[in-house]
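These notes are about the structure you will find just below.
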Amino acid sequence: MPSVTTVRTSVLPPYAAHLRVYEPLAAYPEPERARWQAYLAAHGPDATSARHSVAAAALAEQRRALAEVVGRTPRDLPDRESERAFLRQLDGVAYVCPWATRLRSWQALEELRGSLPVALLDTVLPPTARAAALADQERWQAGHPDARPWILTSRWEVPVRWFLPFGSEDRCFVPGSDAGPAEPVPAALFYLTPMAQARRRVARAYRALREQQGRGGSAGRGPDGRGGPLVQGVEQVGRWLEEFHPRSLVELDYGGLVHLLGPERLAVEDSVAEIESGLLALRSGDGAGAVRAYESVTARWWQVLALRYAS
């Protein structure tokens with residue numbers, strides 16, 4: 001009998017996008033490699049083509065989390081690290097993206113601390129629980145100083161800097177289907193590219209933004225005209241990518257945001273291509289064209305973000 005009840009639900013996944021890195025199975029040291037090899041043999045890959053989405057596996061992750069909340073005494077944060085992962089298999093090579101749920105929960109807690117008023121934060125997660133979580137995190141990190149998440153998450157929007165590792169040719173839209181006797185196919189919009197290509201694109205974008213900023217241009221500045229945030233964000237993405245094996249895969253998954261955008265907007269949504277055109281304009285000396293592309297993308301995503309406050 002399984003330890004966790006399987007929950008079938010029509011509840012939509014969270015309105016969040018994800019930036020993932022899948023490292024080759026061979027890049028993991030023992031005994032991790034053997035554990036992921038056994039996991040792959042038991043569960044099989046979640047996607048066997050660059051055009052296949054892992055949306056079904058992501059939905060299963062949400063169902064499992066819901067089952068744990070329903071079937072057990074609720075916990076503020078996981079008390080042990082997840083032993084599950086998203087798996088891709090391309091051209092005979094297995095790629096692994098560990099969920100690292102506990103590590104990501106600690107990071108989510110840090111985000112809550114910076115975004116919620118103290119009174120509301122104390123209601124959601126009492127100070128004693130936060131202190132215990134922080135102590136657990138410090139003890140764990142002392143033994144895992146090089147730990148980093150394979151998955152970054154953004155709620156209600158895709159940050160502009162996340163578009164930079166990808167090209168329009170990496171785009172894949174899966175309309176989804178509820179028909180047939182099998183499990184429904186979730187709608188998905190994602191981009192998948194090799195790590196080497198992702199790093200090159202981010203480095204070129206960073207260089208172009210820094211050069212333009214050095215000339216006193218407005219490209220790379222935020223909507224309020226200040227310089228810095230976009231360039232710093234691009235630098236952070238570049239440093240994060242450098243943490244992983246050079247033959248990894250990088251994926252931008254719109255996740256639950258597909259349900260906010262709707263099928264018509266999804267079919268034409270290609271912010272990656274717009275940012276590409278803006279960078280091309282920037283490198284050719286057309287600063288105004290670069291700013292127009294940036295503002296077009298950010299204005300559209302601000303409209304999506306505004307739905308967060310809709311009643």
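Any value given below was found using the heavy atoms of this structure, including those in side chains, with hydrogens, waters and symmetry copies removed. Please read all numbers here as calculations on a predicted model, not as lab measurements.
- Side-chain atoms of Thr298 come within 3.5 Å of backbone N or O of Tyr294 as a donor-acceptor pair.
- Counting only N and O atoms by type, the side chains of Tyr254 and Glu269 include a donor and acceptor under 3.5 Å apart.
- No salt bridge links Arg247 with Glu23; every basic N to acidic carboxylate O contact stays at or beyond 4.0 Å.
- A pairwise comparison of heavy atoms in Gln89 and Gly92 identifies NE2-O, 4.4 Å as the closest pair.
- For Tyr22, the side chain to side chain donor-acceptor pair (under 3.5 Å) partners two or more places apart in sequence, or in a different chain, are Glu251.
- Dense packing is recorded around CD of Glu169, with more than 12 heavy atoms of other residues, nucleotides or ligands lying under 6.0 Å away.
- Under 4.0 Å is where a charged nitrogen must lie from a carboxylate oxygen, and between Glu235 and Arg239 at least one such pair does.
- Arg35 and Tyr39 form no side-chain donor-acceptor contact under 3.5 Å, judged by distance and modelled atom types alone.
- Shortest non-hydrogen contact noted between Ala208 and Arg283 is CB-CG, 4.0 Å.
- Judged by distance alone, with hydrogens and angles left aside, the side-chain atoms of Glu274 form no donor-acceptor pair with the main-chain N or O of Gly278 at under 3.5 Å.
- Remark: the backbone N or O of Leu249 is not paired with any side-chain donor or acceptor of Arg88 at under 3.5 angstrom.
- Scanning all heavy atoms of the two residues, the minimum distance from Ala26 to Arg33 falls at O-NH2, 3.2 Å.
- Under a 3.5 Å cut-off, the side chain of Tyr28 and the backbone N or O of Val96 do form a donor-acceptor pair.
- A donor atom on one side chain and an acceptor atom on the other are found under 3.5 Å apart for Thr193 and Arg201.
- Taking both residues in full, the closest heavy atoms of Ser53 and Val174 are given as CB-CG2, 4.4 Å, listed atom of the first, atom of the second, then distance.
- For the 3.5 Å distance criterion, the side chains of Trp301 and Ser271 qualify, holding a donor opposite an acceptor.
- Annotation: cation-pi pair Arg20/Phe86 present, NZ/CZ under 6.0 Å from the ring centroid and within 45° of its normal.
- For the pair Trp240 (side chain) and Pro149 (backbone), a donor-acceptor distance under 3.5 Å is present.
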